[in-house]
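What you see is a predicted model, and the numbers here were worked out from it, not measured in a lab.
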Amino acid sequence: MHWADVIAEKLLEKGKEHVVSSGITPSGPIHVGSMREILTADAIARAIRDKGGEAELIYVADTADPLRKVYPFLENLGYEKWVGYPLAEIPAPNDEGTYADYFLNPFFEALNAVGVNPRVVDNYKAYKEGKYVNESKNACDNIEKIREILETVSGRQLPKNWFPWTFVNDDGKMISGKVLKYEWPIVEFEDENGDVFTNNIEKGEGKLPWRLDWPAKWNVLGVTFEAFGKDHATKGGSYDSGVKIVRDIYGGTEPEKTVYEWINLKGEGAMHSSTGLAISANEILEVIPPEVLRWLIMKPQPNRHIDFDPGIGILNLTGDYERVELDYNKNEEKTDVHRAYELSQVDTEMKESGDLLGQVKSYRNLLTLVQSKSSLDDMISSLKRIGILEESTEEIEEYLGKRVEYVKNWLARYAPDEIKFEIKKETPENEFDDEQKKVIKEIVTEFNAIEWNAEEIHNSFYRVQDKSEMEAKKIFEIVYLALLGQNYGPKMGFFLATNLEREFVVERLESY
RNA sequence: GGGCCUGUAGCUCAGCUAGGUAGAGCGUCCGGCUUUUAACCGGACGGCCCAGGGUUCGAAUCCCUGCAGGCCCGCCA
């Protein structure tokens, strides 16, 4: 059984209705690794619904968190002065809206593209609206109990004057301080300079510290399931303390959990936006279709790490997906791999085979097409000319246009050189010997005689092989050299028939 | 120091929750389709299931002890 179904069944044993929560702090560009959290949650929510349960997917944006430091991507933008302020109150790098929105909005676009539509909870607003009042009061009234929990579970010593609240000073900066006086909902405290401030907890001036904030979310939102990274799962970590706090302090229950592994950039290590070693979710969606991004995460078990290779690995990833797609449509009996394919669909309604363009839509074939033709119109008329496409509709053009964009972007940004080629406008310099020149003549003769389609072109290479006793491989090389200036290239039949006029090819060959 | 995950065919992994004669994809080799930027179809080769112990009629699967790799323990997914 697919992992999402296993978890869903376990959850359904406990009840029919579920709240599946996930969340990320929008402190920078939200990268592919972060996608794993919400896509894992989404898969489980879908699996619950598929089995007749009800599931609501919630995304908590931790906009109340302070900016921790000046990240590499913030250097020289004057963010030093904003360190310590809530992300919801800091201006965006482009000065339009808040810092949090600046990073959240593109992420929501990405979520929308991959078919994830959670209810968004803005944590900053939630505090301001008093959503956490009960939990905050319980926390402030039970300092000693909480102290004991945190000290036992995490094994660390809390400061003498520890108070379960992160304060803000009059500027709105989040600071630590020493409590002078507490009388719900007002807390009076002193910062390290001896300045005295008051916060009204009821009004969300300040927030609960993380270890209390997380279980408060569980309680307020009624979370029954959450997938989170292993940093929170360590023994004595925030999940462990959260369990005790939600039970003993807030009077609720902890959610079921799944711990997922990180996504590494192949050969470089875990993605991490603060070190710049990360590819954002949006960047990836410019290079592969959304269903393939889902596939990247749906296929492996959550507890296995994923090596993401944006280079040649993209060909394997897309090829893998396309192979399973064909297999899915062929087989009645569905395996876990097929289930992973279902969960990779952007629309929950399964479409009839995605066979809109047959083999042409394959990433690999489009690589050839894109590198040979300058415009979408050219591509479409080529496809029509050789009969792969009977008639172009608006739907097809839009579909093909999107796929072409992915491939173009990949070629420009990540593709290794071996994959790239260019049809040379000027005849490339080649020193062909007599034998090769003889073969060229025979190729020209063949090309002039045949019907200009993929199959015939291929056949002609083998006829020349028989006549000339030169290996077909060598003959292919000659033609690649003449057209591309390199001794390798895309599948010849499809390539020539689709992309080049017979006259052009013949003329080029005759010029040697 | 504490913890989590992983260790099964050359590679990537499934199988382990509820023990019952070892699986897939890719690669390799052979054959076919008149063959290619790492295409398609059929077949074959290929594994002391990390090691050692235990439970059991029976263990890749459960328990214990090691070893190796990755990672986490700072409100970093």
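In this structure, A:Asn316 does not reach the B:U12 phosphate: none of its side-chain N or O atoms is under 4.0 Å from OP1 or OP2. Proximity of A:Gln486 to the phosphate of B:U37: no side-chain N or O atom is located under 4.0 Å from OP1 or OP2.
Among the atoms of the strands shown, base atoms are found under 4.0 Å from some heavy atom of A:Asp65. Looking at heavy-atom distances under 4.0 Å, A:Arg68 makes contact with a base. The residue A:Thr166 sits close to a base: some heavy atom pair falls under 4.0 Å. A:Ile419 comes within 4.0 angstrom of a base, heavy atoms only. Nucleic acid contact class of A:Phe461 (heavy atoms, under 4.0 Å, all strands): none. Within 4.0 Å (heavy atoms only), A:Glu477 reaches no atom of the nucleic acid at all.
For A:Leu367, the side-chain atoms get nearest to B:U37 when compared with the rest of B:U37, B:C73, B:A77. Of the candidate nucleotides B:G70, B:A77, B:G25, B:G25 has the atom lying nearest to any side-chain atom of A:Asp320. Side-chain proximity of A:Gln301 to B:C71, B:C75, B:G15: nearest is B:G15. For A:Trp262, taking side-chain heavy atoms from C-beta onward, the closest of the listed nucleotides B:C75, B:G3, B:C72 is B:C72.
B:G74 atom C1' lies 11 Å from atom CZ of A:Arg211, rounded to whole Å. The interatomic distance linking A:Leu366 (CG) with B:U37 (P) rounds to 14 Å, in whole Å.
Nucleotides B:A60 and B:G47 have their C1' atoms positioned 11 Å apart, rounded to a whole Å. Rounded to a whole angstrom, the distance from the P atom of B:C62 to that of B:A39 is 38 Å. When the C1' atom is used for both B:U34 and B:C40, the distance is 13 Å, rounded to whole Å. Between the C1' atoms of B:G52 and B:A9, the separation comes to 24 Å (whole Å). Nucleotides B:U36 and B:A77 have their C1' atoms positioned 41 Å apart, rounded to a whole Å. For the C1' atoms, the distance linking B:G19 with B:U56 amounts to 9 Å, nearest Å. Rounded to whole Å, the P atom of B:C26 lies 12 Å from the corresponding atom of B:G43. Going from the P atom of B:U61 to that of B:U8 covers 14 Å, rounded to whole Å.
The partner of B:C4 is B:G70, by the rule that a Watson-Crick or G-U pair needs both atom distances under 3.5 Å. If you check B:C29 for Watson-Crick or wobble pairing at under 3.5 angstrom, you find it paired to B:G43. Nucleotide B:A22 has no partner under the Watson-Crick or G-U criteria, as no pair reaches both atom distances under 3.5 Å.
Checking each of A:Arg46, A:Arg339, A:Lys10 against A:Asp5 for a side chain to side chain donor-acceptor pair (under 3.5 Å) leaves exactly one that passes, namely A:Arg339.
In this structure, a donor-acceptor pair under 3.5 Å is present between the side chains of A:Trp218 and A:Glu226. Judged purely by distance below 3.5 Å, without hydrogens or angles, the side chains of A:Glu261 and A:Asn303 never pair a donor atom with an acceptor atom.
To the nearest 0.5 Å, the span separating CH2 on A:Trp162 from CG on A:Leu150 amounts to 5.0 Å.
Judged by closest nucleotide on RNA chain B, A:Thr234 is the one of A:Thr234 and A:Val6 placed further toward the 5' end. When the nearest nucleotides of RNA chain B are assigned to A:Gly33 and A:Thr368 by heavy-atom distance, the more 5′-ward of the two goes with A:Thr368.
Applying the side chain to side chain donor-acceptor pair (under 3.5 Å) test to A:Tyr132 and every residue at least two apart in sequence or in another chain returns A:Asn123.
The side-chain hydrogen bond (donor to acceptor under 3.5 Å, both in side chains) pairs that include a residue from residues 309-321 of chain A are A:Tyr321-A:Gln345, where partners are two or more places apart or lie in different chains.
When all heavy atoms are compared, the tightest approach of A:Leu343 to A:Ala43 is CD2-O, 4.1 Å.
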